2 protein chains.
Amino acid sequence: MSIYTEKNRKTKKLIQTSFMQIIENKSFEAITVGDITKVAQINRGTFYLHYKDKFDLLDQIEQQLFEDLGNHIDELQKYYSSMQKFEKNQEQLAATLFNSIKMHAPMLKIFLSDRGRAGFHLRFRDAFSEKVRVNLEKNESFHTNLKVPMEYYLSFITSAFLGLIEQWIQNGLDKTPDEMTALYIEIISIIQKNQSGL
Amino acid sequence: MSIYTEKNRKTKKLIQTSFMQIIENKSFEAITVGDITKVAQINRGTFYLHYKDKFDLLDQIEQQLFEDLGNHIDELQKYYSSMQKFEKNQEQLAATLFNSIKMHAPMLKIFLSDRGRAGFHLRFRDAFSEKVRVNLEKNESFHTNLKVPMEYYLSFITSAFLGLIEQWIQNGLDKTPDEMTALYIEIISIIQKNQSGL
DNA sequence: CCCAAAAATGAACACACTGTTAACTTTTGT
DNA sequence: ACAAAAGTTAACAGTGTGTTCATTTTTGGG
């Protein structure tokens, strides 16, 4: 746990930030280990002391992102939770989500684009689905009365929400998280009035 | 237009099917041109007579897929079209879509997975969005009364639909297109009863 | 049937990136 | 000062890239 661990951590961080700097303008598949170590100004061999390869590097960055997002959501969920009405709770979850997405928007923008890695949107959706599922299961009557398979329902609902998020990020965060929440509620109400268009 | 064109077309097709055979078990990023030509039993140089590189190959396969899907939808849309009620039309569009998705499921399954190429789901959604947009614009009152930006609405709605499709494909097409349509309608009705869970 | 055009082959090429190794230097704590 | 950890340097064999060029095969028109 001494300073060695600290130095180690710092180098890893340096590699990560250098990598993120490069992926701003170059697709992941085109990035080489040499590109990264040149920007980080370290020896190429040093990279391999910390990561197996560039995929391992991205895996670790991705994992940390999901952890951060998850923790942020969990923490804020504590403030509301059980004593409140179900519907109101959902709305607050949405607002919470838009906020934490905004914090990680630069990274998400890249990872969701064609510069990222294949399948990211699936891993993102799965991580997100899990949070929604836990939340849904708090409402027992909903869970037991659901006529469609849970997996399909979750996939539909989370994909819709992520679609909104993707559009938001693609638009360069042109709205505040509160505006996004309002927009989200408005869309739901359009569907409820049966004017969905689908 | 002679037999040379035909021969050319056949070789391209051979390269494509060989590639699709390989990508069943190996991720796109790991596939080499040598892998492809070995399976196709042609010279590696021949590959470069037809494609710039493996990315060009995938681009062309992808483009053709979107073209096929689009044509299929357009054609079936003709049978219903304008004289019918708007809502009924939407339901038929959904049924049509589930059918054409099923036809291309093997390829879509791979391209949407982490064996495919980054950003595929975006290109897929955009192609799909376009069809939905055209369809929505037939209903003028909807279009003019829409309170949220069209892009956000489209993103929400098409992502939701594609989420359902992704789950379906992931489940190995465990339902018929008709069952999927029923399932889709049921989910919409859940949301309309305000039990959405989001 | 023969010939010119197109397509495919085979082998070689320089180049770039990979992941690993081994000897060495620097940084750091005790 | 010395031992341990981290990083450096340079070299390596291996693999894939995209291109070249001389050669062979396939094909249709005259």
Side-chain angles (χ1 to χ4, degrees), chain A residues 1-64 110 114-118, chain B residues 1-64 110 114-118:
Chain A
M1 273 300 169
S2 64
I3 197 131
Y4 293 127
T5 326
E6 180 60 17
K7 189 167 169 58
N8 206 294
R9 201 192 58 78
K10 267 194 173 175
T11 306
K12 285 191 81 166
K13 204 80 201 163
L14 173 63
I15 291 173
Q16 287 192 9
T17 58
S18 301
F19 170 74
M20 288 310 299
Q21 203 176 312
I22 296 167
I23 206 172
E24 290 277 346
N25 307 305
K26 198 172 186 177
S27 80
F28 175 70
E29 59 197 2
I31 295 175
T32 69
V33 173
D35 290 339
I36 299 167
T37 56
K38 217 181 296 165
V39 170
Q41 300 194 71
I42 57 170
N43 191 273
R44 199 167 61 85
T46 306
F47 178 92
Y48 290 103
L49 293 176
H50 297 279
Y51 298 101
K52 191 177 163 288
D53 48 33
K54 70 170 181 170
F55 300 104
D56 183 33
L57 167 61
L58 191 60
D59 281 348
Q60 290 190 31
I61 294 176
E62 218 177 81
Q63 211 177 316
Q64 204 178 311
I110 293 164
D114 55 7
R115 267 171 302 160
R117 201 180 174 191
Chain B
M1 273 301 169
S2 61
I3 198 132
Y4 294 128
T5 326
E6 179 60 18
K7 187 169 169 63
N8 209 294
R9 203 192 56 78
K10 266 195 175 176
T11 307
K12 287 190 82 166
K13 205 79 202 164
L14 173 63
I15 292 172
Q16 287 191 9
T17 56
S18 302
F19 170 74
M20 288 311 298
Q21 201 177 313
I22 296 167
I23 207 174
E24 291 276 347
N25 307 306
K26 199 172 183 176
S27 81
F28 175 70
E29 59 199 1
I31 294 176
T32 69
V33 174
D35 290 339
I36 299 166
T37 56
K38 217 179 299 165
V39 170
Q41 301 195 70
I42 57 170
N43 193 272
R44 196 166 64 85
T46 306
F47 178 92
Y48 291 103
L49 293 176
H50 297 278
Y51 299 101
K52 194 177 162 288
D53 49 33
K54 68 172 183 169
F55 302 103
D56 183 32
L57 167 60
L58 191 59
D59 282 348
Q60 291 191 31
I61 294 177
E62 221 176 77
Q63 212 177 315
Q64 204 180 311
I110 292 164
D114 55 7
R115 266 170 305 161
R117 202 180 173 192

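A note on names: the letters A, B, ... follow the listed sequences, proteins ahead of strands, and every chain is numbered from 1. Since the model is a prediction, treat every value here as computed from it, not as a measurement.
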ask   = Nearest heavy-atom pair of A:Ile36 and A:Ser18: which atoms, and what distance?
value = O-CB, 4.0 Å

ask   = Shortest non-hydrogen contact from A:Asp59 to A:Arg117?
value = OD1-NH1, 2.9 Å

request  = Check the distance between D:dT25's P and B:Asn43's CG and give it to me in whole angstrom.
outcome  = 14 Å

task = Would you mind reading off the distance between A:Tyr51 atom OH and C:dT20 atom P, rounded to a whole angstrom?
result = 17 Å

key: Distance, rounded to the nearest Å, where A:Phe47 contributes CZ and C:dT21 contributes P   = 17 Å

query = Between D:dG7 atom C1' and A:Ile15 atom CD1, what is the distance in whole Å?
reply = 11 Å

ask   = So which of A:Ile22, A:Leu58, A:Asp114 actually passes side chain to side chain contact (heavy atoms under 4.5 Å, CB included) with A:Phe28?
value = A:Leu58

inquiry  = Would you compute the distance between atom OG1 of B:Thr11 and atom CG of B:Leu49 and round it to the nearest 0.5 angstrom?
reply    = 9.5 Å

So which protein nitrogen or oxygen atoms get under 3.5 Å of nucleotides 24-26 of chain C's nitrogens or oxygens?
none

task = Please determine if a side-chain N or O atom of A:His50 lies less than 4.0 Å away from the OP1 or OP2 oxygen of D:dA6.
result = no

request  = Round to the nearest Å and state the distance from B:Lys38 atom NZ to D:dT15 atom C1'.
outcome  = 11 Å

task = Please work out if A:Leu49 contacts a base, only the sugar-phosphate, or nothing of the nucleic acid, heavy-atom cut-off 4.0 Å.
result = base

note = Readout for nucleotides 12-19 of chain C: B = base within 4.0 Å of protein heavy atom, S = sugar-phosphate only, - = neither; 5' to 3' it is B----SBB

ask   = Do A:Val33 and A:Asp53 have side-chain heavy atoms sitting under 4.5 Å apart?
value = no

key: Stacked cation flag A:Lys54 on A:Phe19, 6.0 angstrom / 45 deg   = no

remark   = Between B:Gln60 and the options B:Gln16, B:Lys12, B:Lys52, B:His50, the side chain to side chain donor-acceptor pair (under 3.5 Å) test singles out B:Lys12

key: Rounded distance (Å) that lies between atom C1' of D:dT17 and atom CD of A:Glu29   = 15 Å

query = Over how many whole Å does the gap from B:Lys13 atom NZ to C:dA8 atom C1' extend?
reply = 20 Å

key: Shortest non-hydrogen contact from A:Tyr51 toward A:Asp56   = CA-OD2, 3.5 Å

message = Tell me the interatomic distance from B:Gln41, atom CD, to C:dT9, atom P, rounded to whole angstroms.
response = 10 Å

inquiry  = Quick one, B:Ile110 and B:Met20 - any side-chain contact, counting heavy atoms below 4.5 Å?
reply    = yes

ask   = B:Asn8 side chain N/O closer than 4.0 Å to the phosphate oxygens (OP1, OP2) of C:dA7?
value = yes

